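The basis for the numbers below is simple: all heavy atoms, side chains too, and nothing from hydrogens, waters or symmetry mates. Predicted model, so just to flag it, every value in this text is computed and none were measured.
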Amino acid sequence: MPAPTFTLEFPYKRSLGPVVGAFLTGLRDRQILGIRTESGRVLVPPLEYDPDTGEANVDWVPVADAGVVRGFTWVDKPGPKQPLAKPFAWALVQLDGADTPMLHALDCGSRERAQIGMRVRVRWADDTRGHITDIACFEPEA
Amino acid sequence: MPEPVTEMKQMVALEYAVRPSPLTLDYLGKLRAGRIVGHRCPECELVYVPPRGFCQICVVPTQTPEHEVAIADRGTVTSFTVVDPIQYHGQTEREVYALASILLDGASGTLGQQRIADVPLEQVRMGLRVEAVWIPEAERKSDLRDQGAMLGGSIRHWRPSGEPDTPLSAFQEHIV
Amino acid sequence: MRDVAIVSFAQVRGDPASGLPEVLLLVPAIRDAIARSGIPRRSIGFTCSGSCDYLAGQPFAFVQNLDATGAWPPIAESHVEMDGAWAFYEAWVRLQHGDIDTALVFASGRSSLCNLREVLCLQLDPYYLSPLWVDDVALAALQAQAVLAATGRTEKDLAEIAARCRRDARANPFAEVSGDEDSAALLAQPYVASPLRAHDIPATGDGAAALVMVAGERARELCERPAWIRGLDHRVDPQYPGVRDLARCRSAEIAAARAGVASAPIEVAELMTQFPHEEILLRQALGLGEGVVVNPSGGPLTAHPVMATGLVRIGEAFRQINEHGRRRVLAHAASGPCLQQNLVCVLESETEAD
Amino acid sequence: MAERCAVIGIGQTKHAKRREDVSLAGLLREAAQRALDDAELRWRDIEAVVIGTAPDLFEGVMQPELYLADALGAAGKPILRVHTAGSVGGSTALVAAGLIQSRVHDRVLTLAFEKQSEGDTSWGLSGGRSGGVGAGGYFAPHMKAYIERSGAPEHIGWKVAVKDRLNALKNPYAHLHLPKIDIDTVKGSEMLWAPIRRLESCPASDGACAMVLTNQAGGQHAPRPPAWVRGGAMRSELGFFPGRDPVDPQAGRHCATEVYRQAGITDPRGQLDVAEIYVPFSWYEPMWLENLHLAKKNEGWQLTDRGVTAFDGDLPVNPSGGVLSTNPIGASGMIRFAEAALQVRNQAGEHQIDGARVALGHAYGGAAQYFAMWVVASTPN
């Protein structure tokens, strides 16, 4: 007999504020926005406050939807809630125009194909709605 | 241009195991057989229902069968409220109902979150004597997550027993 | 700062199959820690604990743990939604006020009730990361890759650390896993998240821990070899992995500097290394030379009672002084993805005045 | 001897049913920036952060302080997360004050928040199960017992509900502004958990509160008058055991005794100028007056009835409007502490009590088993 379980389930409703809201609005419109800190670093995804100083960030910078893999880990058995059902890599991707990499899924077929320094591009979800999963994943640039 | 995005939804659904202790299983088994039991602390002699395996005041262990005592399926309403259920996600209660704290005969403390029925809501009162209305034995189940001392799987609700009310002064020290 | 020492420690391992509630893991841990301290339970000046609601999936889960203290009559008490190591910090701060001399610290968790991989996702940025359900092992793997690249170390080094921990764990009655495989055998296993394999993943379990700390001379009266807290500090880094240099751990560096780690040699360090590359990273960040013995208990790779693991490091470090005659040891605790938050505690067998 | 602690900056958000204009971080920043501005300090001046919030399930973010570290300017600094149920806002302030009193730090930012509208607190309190009755259903039998025991007339609850809502009209940050409230509207509102009607219970709010704490030297050089922490205490007791009296819990009595002792208060009713007490349901005002040694047993309701606790009374209680007007759960306790400090700093604006020099801040939680209190004053001793 399987052990009894209960499911703690709730549909949270998160208000976004100006920075996260603008970024997710951009994703819905298939555009990626970064934000420049006081010291000039362009953060993607945009953080509301400078991680170094705590000061508010306000200076928007559009960035490309393609960039370079700075780090990755290959996962053979994805979790049921994760972005891809088949084996994939979690990758830190520095988009062209950004100074910091963003973390998302990378669909590149096999572990051997995943490389630091490889060029990748956003694969957009069929339906974009203003959510981090509007980026379905990254894929190798053609 | 469509409206800016100001909100996002996130469904969080996490599964948890429910893994009761042998003591809890024993308590639930006895409940399904129609018996309520408690543990008497060997030091302070207070009787806990349901048994917890230790006395929270003396922090000494208690065990079945050494410290087990039988508890009556009747007692006194020491306090109560009438609830108009808030319709949150997952709530299935729809009607107004009475919830009471009951001091069972033989227990040292009251049990909270006990449903009172078979009586007009305005007649529910402090001091009211009540008795258990058991679910037919074949339909009883172990409800580990029931908030009313896990009694809900075996006891449908409590109803007036017809005995005279207990005077307030007799349970001043047992409110909840 | 007032001299404060740990005088007793106790740990309990939970058997998930037993179904014992968390409070019944704490009852013996607290009872033993108090009994070993020689202080009557009701005269403890301050009590502080660490735990996390999300492991049990219940709001206010920690409230039930209060029952294990026998808080009647009422006690002076507080709780952090953090590993017990931070409860230890809060208690140490409280003892600095000077009006009370004794404190009880405890921590507990039953992570076996939940899917920890998924639950830990909720620690992440709720807009950019947690909706992706990127888990702690994947995040650690990204850091492992960065650490290996920056240091020139290899997966074999990771396996050797893991193999050493598993060998050491054979003598630890609280260990969840142990063994004497060589690194080659471990390396033959498949990746869980490259470059991490099964042996690189912490052995999570259920458990509880408790310790008693005492200020001033009274510590010496109660305990033959108390462990004096000579440095204690904790720091946090930003969370989003992309804004951090994952090959460094700045918060640990600052905490180590503030705790005065470098002022004299450390003999033994109990580090909350959930993954072997964290040992490489932390040795660097904390300034621990190759001669420092790390995690003789086997560490979190072999026993990780979530929410108590950091406090257990402090307890193990105490035992190094109290039972094994060491003079200067270090305990470390961590929280958050990729060693985001770090606590460093230096314990010595003597006070400055000695 | 412990270092003196001074409150030199206080900030709150505009509290509301739903702050749809901010993220979680943005909500906290609004309060924190106001506290820093009040203290005329920058983010880099802060040495450590202590944050409190009620169960993580309310927002669905586990240990949110980790994600919030950047927003709180905490990178490279210590951050502690306190959770002591409903009293958490108060305990958080006390843990922060402890960092000053112990001389571990000189300037500490402390914050507490809840963004109830992200989730649903009724759901959260029920642990996701059906049949949860929330705090109102849980505490209703206690209030019932108090009424029975003290013989208080039923209008006492209505009176508290009206008083606190009218006070809230003087507080621009308060969530509920109900200018037309009177006894009849309270009495006519629906019964949710007998004896508690809708208008006798607290709202669900989004909101945050922040304070900047410093040491004696910092307090003396602050740009605006500080509030001096004269006493602070936490007490906890078992939630359920035979013979416990949750109507007048020992932990609350002990906590009050200790905090008055530290502050040198021998006659609290005479020496306190104002009190901010955690009253989420109307009947808790008279109940806590007794528990806090401000009234004799079973006589607390008489103070309410005679207008002693009114804005122009002898001992005003909750001039801010209290929890009945604003309830971001995890922050509610800290708001009490901050409002007490505002009063003795003479910075409470329209809801300032003239000449307030000594004030009590109070919070409670769990099964009325966790208590946190502080006494603040306009002078250090």
Value rounded to 0.5 Å, distance of OH in C:Tyr127 from CE in B:Met8: 8.0 Å
Per-residue contact mode, B:Pro20 against chain C (heavy atom under 4.5 angstrom): backbone
Chain B contact via C:Pro16 - which portion, at a heavy-atom distance below 4.5 Å: both
C:Leu122 side, atom CG; B:Leu14 side, atom CG - distance, nearest 0.5 Å: 5.5 Å
Interface moiety of B:Gln10 toward chain C, non-hydrogen atoms closer than 4.5 Å: side chain
Heavy atoms from other residues, nucleotides or ligands near CD of B:Glu95 exceed 12 (cutoff 6.0 Å): no
Closest heavy-atom pair and its distance - B:Arg19, C:Ser112: NH1-OG, 2.8 Å
Approximate separation, where rounding is to 0.5 Å, of B:Phe54 CZ and C:Asp67 CG: 5.0 Å
Toward chain B: residues of residues 34-55 of chain C with heavy atoms under 4.5 Å: C:Arg41, C:Arg42, C:Tyr54, C:Leu55
Choice from C:Leu113, C:Thr69, C:Val23 maximising heavy atom contacts with chain B below 4.5 Å: C:Leu113
Contacting region of B:Cys55 [heavy-atom separation from chain C under 4.5 Å]: neither
Heavy-atom closest pair, residues C:Ser18 and B:Pro22: O-CD, 3.2 Å
Point-to-point distance, once rounded to the nearest 0.5 Å, from CG of C:Leu24 to CZ of B:Arg52: 7.5 Å
Min side-chain heavy-atom separation C:Trp72-B:Val59 under 4.5 Å: no
